[in-house]
Each structure stands twice: as structure tokens, then as C-alpha cells.
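Please read the structure below before turning to the comments.
Computed from a prediction, not measured in an experiment: that's the story for all the values here. Just so it is clear: chains get the letters A, B, ... in the order the sequence lines come, proteins before strands, and each one is counted from 1.
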Amino acid sequence: MTTLIDQINAACADAFAACGFDTKFAAVRESDRPDMADFQCNGALPIGKMQKQNPMDVADKIVAAMADNPIVTVEAARPGFLNFRVRDSALAHHIATIAADPRSLAVTAATASKILVDYGGPNVAKDMHVGHLRAAIIGQALKDILRFAGHDADGDVHLGDWGLQMGQLIAFIEAEHPHLLDGGEITMEDLQAWYPQASGLSKTDDAFREKARAATMALQAGQADYFALWERMRAASVASLKRDYDWLGVQFEYWYGESRYQSALDTMVADLQSTGVAELDDGAMIIRTSDDGKLPPLILRNSNGAYGYGATDVATIQDRIQDPALQTILYVVDARQSTHFKQVFKSCERAGYLGTVSAEHIAFGTVNGTDGKPFKTREGGTMRLTDLIAMMVDAVRARLDDAGSIPETDRAAVAQTVAQAAIKFGELSHDREKNYVFDIDQFAQFEGKTGPYLQYTCVRIQTLLDAAAQDGKTPGTITSVGDGGRALALALDAFPAAIDKSIKARKPSHLANHAYRIAEAANGFYQKNRVLSAGVSAEDAASHLATLAAAQRQLTLALDLMGISVPTKM
RNA sequence: GCACCCAUAGCUCAGCUGGAUAGAGCGCUGCCCUCCGAAGGCAGAGGUCUGAGGUUCGAAUCCUCAUGGGUGCGCCA
């Protein structure tokens, strides 16, 4: 059981070999010209050039060598293209092959890699915002796709639960709510209210800033009351974060945070200094990362003696590589941290921490509003993730009310599922490296290239399958490709390639765009091939149902890998 | 000043390792529901792929420069 493109690729390579041509030119790809071919190979052009032959003659030889191929007909075209057209019978049979495989012909990696995906990064006491949304959705999809492909991938939230921000909060609490130092409940709502004040004071009030610094140092030194306070703040935050992540269907195997690595910092930095990797400069402990000064040094410890996230991130790697099986660490983090990660990776390289482990920064761009500027609330503040989600759910709910296609009692639940699809597909269908515009109205549309459209496609097919079953009609042998079935079959065949590209480029967008392609082709097929209408033969009905079921199955699988579920009605 | 990223239709975006007429969605113009969900399908208008060089039989794709945006540049994370 293998894809058509792989089968044709193999046959083409055989033909090249038989003709005495280098098989590296035998690569087959989907055709640019569906009107002329399903697949194409351009290898005759460079061969013609190299051997000073007419590329058409080269192509003709290959055509002759493949003349009696059972699955495909071959033609040579103009300058020297090889055009492959899959035979109808082979195509019909192939749809059944895809449908019979729960993995839609996607292979499992021959050798599984152990991969850690770092895709959280929310801070204690601060609300999550759209930036965290990107990391969460892309990271979760990457992890799930890697697992589907047979890899051993885990996620770590890497909480921002340490550092000056904690000191600021402690100083603020000490000043405004001192009784909390002796215990007492702290809620996320409290923290949300306090953090902006503490942060603001830190900017305007010199005395407060000093207190915050002192508190940070004291916390790092392990002062008991501060530490207890910190633990309660962290617990309240984690509970809140988990609610948001739960809604998004995001799960982390590890809820580690920056605090986890603090106790290791003194030793680590001392070691790095003794080996000459780290050095004192202007009172700060740094690691130089370049000779030409193009990349700034990484600061491990500032001149006040406090450790920053430079040290923490190096220590994090040092800790992670304790797992000897680990091969890759993926950091799904905002592109603005690009320089920082270069510094950290270079530092770890110099320190000898990375060894054979590869660390990659999976950068993503900024989320903008419809004005093209970073996404903000109408008032200009940062949009809380919770609020953004609520807005999306409201928009979807309004649309469901308007359509009135399902009972009122079901709408609240369906609105959640559809809003999740809208947000996730809106995110995943974009190239992560670029900035993108988060347009609530556009994403919550049910028309066009949206998450809800993909769900709708599945729901629609399911409804038909159910209705057909009531009528005694079930999916059967695929006897004909059907009108529009060729495009659908070829699209279904491309699923393994989409998975492969998503993994190689670390871009789930390839899978998202593939899913959309399936939905388009499936809807086209649905529209053109009647099943329950009068005059449709039992054979055709069974064949068409099987084709649609195959499409639905793969689409559902792709959606599942993107964390999108499909309601039964919508 | 130095470094990195981006530039494709009115708007939002695809375009895989360079290949045959550059594709979607939204919006716009027309069609298609006595018939399985029209949240759909079909067709049309709309692009000197920012500009200029270069490599190549062939460039949206690779290289250089320019222009216009974005971002980051040792003691916040």
C-alpha cells in the first residue's frame, strides 16, 4: 500500500535506469497542468541539455520504456515534459486502498526521534494573549503530527514563573497586602489586577524598583516567606492557564518553569567560568557568541548578581539533555526572540551542552489586527486570550442562531467546537513565519477557507451517509471515479506528502492547506455525483458513497491532527 | 550604525527541491436548490509576482543591489 506518486516515481526511475539515464532526474511531481496530466517529470530537460540531445528524444525513450505501465499512461509534451495520466480503473481502485488504511497511506518513521517541543511560555500572574495562542496552536499541532508520524514527542510549557516580575509582585504585595505574606488565598483575579500596578510602579517609582530587585534576589536566595508566597501565586496561575489551554485542546507533558532550573545556576555558571566559556565583563557574567561582534554576548548574570533568562535557558538545555535519548528540541516562540535563541544555542554549543542534540527556534510572526498593527483591544490594550475566545464563540453562536439549523439546546456546545475550529484553522492555514491578520469576522465566517467550512464538509457527508443507510444504501465497491473524482483522488493521494512537508518544514500549515484542498474537492464531488436521486444505480450510489466516505475519513484525520473536532450537526 | 524577517489580484493569503496559461478565500458580475445540508457548486472580471541587474535552455522561486514595511540589538523576560 503506497501512494500513486510513489508508485509512479518508482516506475519512472526504473524507466530512466533502463534507458541509461541518471535516476536522480526521475523525480515525479503533481502536474501543474491538470488539463494535460496528473503527474509530471521534468527530468528529460536537463538530460537533453547535458547529453546535447533533443529533450523530446530523451522523453520519447522514457515513454517507450513505460508504455505498458498498468497504472498510468505516459506522453511526452513540447519541450520535453513527461506527462502521466492515471488510468481510470487504477484510480478508482486506489481510492479504495486509501480508504482502507486508517493512516491514509501516511507511513510511520523508520526510526523514531525523541523530540521535545517547547511551546508554552506564559507568565505567572499575567494573562495569556494572542502570542501565546500562536505558540500553543502551532506547537500542539506540530507535536501531534510528529507523534502521528511515529516520533516520540513531548511538550513542555516552560512557564515564566521566575525573575524580576515575581519580585515586583512580591514587593507590591508586601506594600499593599502584607497580611498575605503570612498565608491566605491569592486568586488569579488578584494577580491580574496587581501585576500591571506592580509593573507600572517599577517604571515610575525608583524606591519601588529597588524593592522589587531586592525581593527578586531574596526569592532567588530562598527566603521562606517569599517562597511560600511565590508558590501560591504560581498555583493560582497554573490553574487559570490550564483552563485556557484545556479549551484550546492543548496538553503539556511537562509543566516545568524557569524556577525549576534556579538551583542549578550557581554551579553551572561557576563551571562555565572555570572552563573559560563564561567570563566577567563590566560586572556581568557573559558568554561571547561571536568573534566579529555581530551577535551580542549572552548575559548569564547581571552586574547586580541576578540571573536572567539567558542563564535560565542555558540551564534548561543542560537539564533537558540529561535525557540521553533526546535528539531534538523545538522552541515554538515568537520570532522576536530570534537573536536570543541564537545566543543561547551558540552558548550551549560552546559549553558543549548540546552534543548531538539539535535545538531549533521555530519562529512565528506577530499577530496583527485588521489595521495591520499588533493585535490590541479597541482601547489599545493587550487583548486577553479569554476575551478573544469569548468574542469568537459569540460570533459563531450568532451565526448558528441565524442559521437555525440545529436545536437551540445544542447551539452552545456546537458554538464552542466551531469557534475552536475557526481559531485553529485560521492560525494553522497561515505560514507561521509571517505576521498575519487575526480578523475575528473573517475567521468566524462559515464560508470560504475557514475551519467551519471544513467541519461543514464532514458534517454534510455524514448526513448523506446516514440518510443513505436509512435507505439501505451503503458504501461499496468503487467502480468509477465519477465526475470530479479524479481531482479528489489525487488530492487524497497527497496526504502523506503533506504530513512529510509539515514535519520537514516544521509547518503545520502544509497540512492545513491540504485539508482545505480535500474539502474543496470533496464538495465538488458531492455536488456533481448524486446518490439518493431517482435514476442512480445501486452500483453508482455505493461507489459514490465510498468515495465520499474516503474523503471524509481523511479530512477528519487531518482535522484531528490540527486539534479540530467535528460536530455531528452544525 | 549593525543584524534578521517580509514584499504575489481591491483586501486576506497559498505557491513543495527553479519548469508548460501564477492559484485560493473575501468582495464584485452572472448562473445552479419540485432533487442527499446553497454554511455548497459552476463560470467571469481582476496580477509588468515592489524595482533593477545577474545565474539558467527556463526565475514569483536562487544570487546581488535598491526601495518600502516589520523586528531585534549585554545587565526585563
Side-chain angles (χ1 to χ4, degrees), chain A residues 27 29-33 35-37 40 42 45-46 48-49 55 77-81 83 121 123 160 162-165 168 199 202 258 281-286 292-304 306 308-310 312-313 334-340 342-343 363 365-366 368 370 372 374 399-400 403 405 429-431 433-437 439 442 445-450 452-453 455-457 459-461 463-468 471 484 497-498 500-501 504-505 509-510 513 516-517 520 523-524 526-534 536 541 544-545 548 569-570:
Chain A
R29 35 177 283 176
E30 286 196 62
S31 175
D32 297 328
R33 296 286 304 271
D35 54 316
M36 300 176 75
Q40 69 184 62
N42 305 332
L45 284 93
K49 164 96 172 135
R78 274 178 295 184
F81 294 107
N83 282 334
N123 291 309
W162 205 251
L164 184 60
Q165 58 195 349
Q168 289 170 344
S199 174
S202 205
E258 297 179 318
D281 191 272
D282 255 354
M285 187 64 76
I286 64 164
D292 57 9
K294 292 271 169 77
L295 191 61
L298 182 77
I299 293 184
L300 295 171
R301 197 178 62 208
N302 69 24
S303 48
N304 294 323
Y309 80 148
T312 305
D313 280 358
D334 195 306
R336 283 174 290 198
Q337 297 296 328
S338 167
T339 304
H340 170 69
K342 279 181 193 157
Q343 293 171 298
T366 311
N368 291 331
T370 44
R399 182 60 200 265
L400 288 175
S405 51
S429 60
H430 292 89
D431 184 339
E433 288 187 295
K434 297 183 187 170
N435 298 344
Y436 83 106
V437 175
D439 184 341
Q442 189 194 319
Q445 289 278 312
F446 288 27
E447 294 84 15
K449 193 174 179 179
T450 62
Y453 168 75
Q455 292 176 310
Y456 169 78
T457 306
V459 169
R460 192 188 196 198
I461 292 172
T463 306
L464 174 60
L465 288 169
D466 292 345
D471 218 17
D500 197 47
K501 278 190 277 190
K504 284 208 170 93
S509 56
H510 286 118
N513 288 317
Y516 177 67
R517 181 184 173 192
E520 267 190 310
N523 276 316
Y526 179 101
Q527 201 86 21
K528 291 170 199 141
N529 299 277
R530 296 270 126 185
V531 171
L532 301 180
S533 304
V536 176
H544 295 156
L545 284 171
L548 284 168
K569 303 273 184 203
M570 63 188 282

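Within the nucleic acid shown, A/His510 comes within 4.0 Å of sugar-phosphate atoms alone, with no base atom in reach, counting heavy atoms only. At a threshold of 4.0 angstrom between heavy atoms, the contacts of A/Leu45 include nucleobase atoms, whether or not backbone atoms are also involved. No engagement by A/Gln165 is indicated, since no non-hydrogen atom pair under 4.0 Å with the nucleic acid exists. Residue-level contact check: A/Arg517 touches neither bases nor backbone, having no heavy atom under 4.0 Å from any strand. Across all strands, A/Tyr436 comes closer than 4.0 Å only to sugar-phosphate atoms, never to a base (heavy-atom distances). Among the atoms of the strands shown, base atoms are found under 4.0 Å from some heavy atom of A/Asp282. Among the protein residues, A/Asn42 comes within range of the nucleic acid bases, having at least one heavy atom under 4.0 Å from a base atom. Within the nucleic acid shown, A/Pro46 comes within 4.0 Å of at least one base atom, counting heavy atoms only. Counting any heavy atom pair closer than 4.0 Å across all strands shown, A/Thr339 reaches sugar-phosphate atoms only and no base atom. No contact: A/Asp313 has no heavy atom under 4.0 Å from any strand.
Considering only side-chain atoms of A/Asn123, the nucleotide from B/C75, B/A77, B/U12 that sits closest is B/A77.
Against the 90° criterion about 0, the sugar-base torsion of B/C73 places it in the anti range.
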Do any N or O atoms of the protein come closer than 3.5 Å to N or O atoms of nucleotides 4-8 of chain B, and which pairs are they?
{"from": "B/A7", "atom 1": "OP1", "to": "A/Lys434", "atom 2": "NZ", "distance (Å)": "3.1"}

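Side-chain N/O atoms of A/Thr312 and A/Glu258 include no donor and acceptor closer than 3.5 Å.
Phosphate contact (OP1/OP2 of B/G41, side-chain N/O of A/Tyr453, threshold under 4.0 Å): present.
Mapping A/Leu298 and A/Gly163 onto RNA chain B via the closest heavy atom, the residue that lands nearer the 5' end is A/Leu298. The residue among A/Ala467 and A/Met570 whose nearest nucleotide of RNA chain B lies closer to the 5′ end is A/Ala467.
For the pair A/Phe81 and B/A20, the ring geometry qualifies as stacking, because the centroid separation is below 5.5 Å while the planes lie within an angle under 30°.
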Under the 3.5 Å Watson-Crick or G-U criterion, the dot-bracket string of RNA chain B, with | for inter-strand pairs: (((((((..((((.........)))).(((((.......))))).....(((((.......))))))))))))....

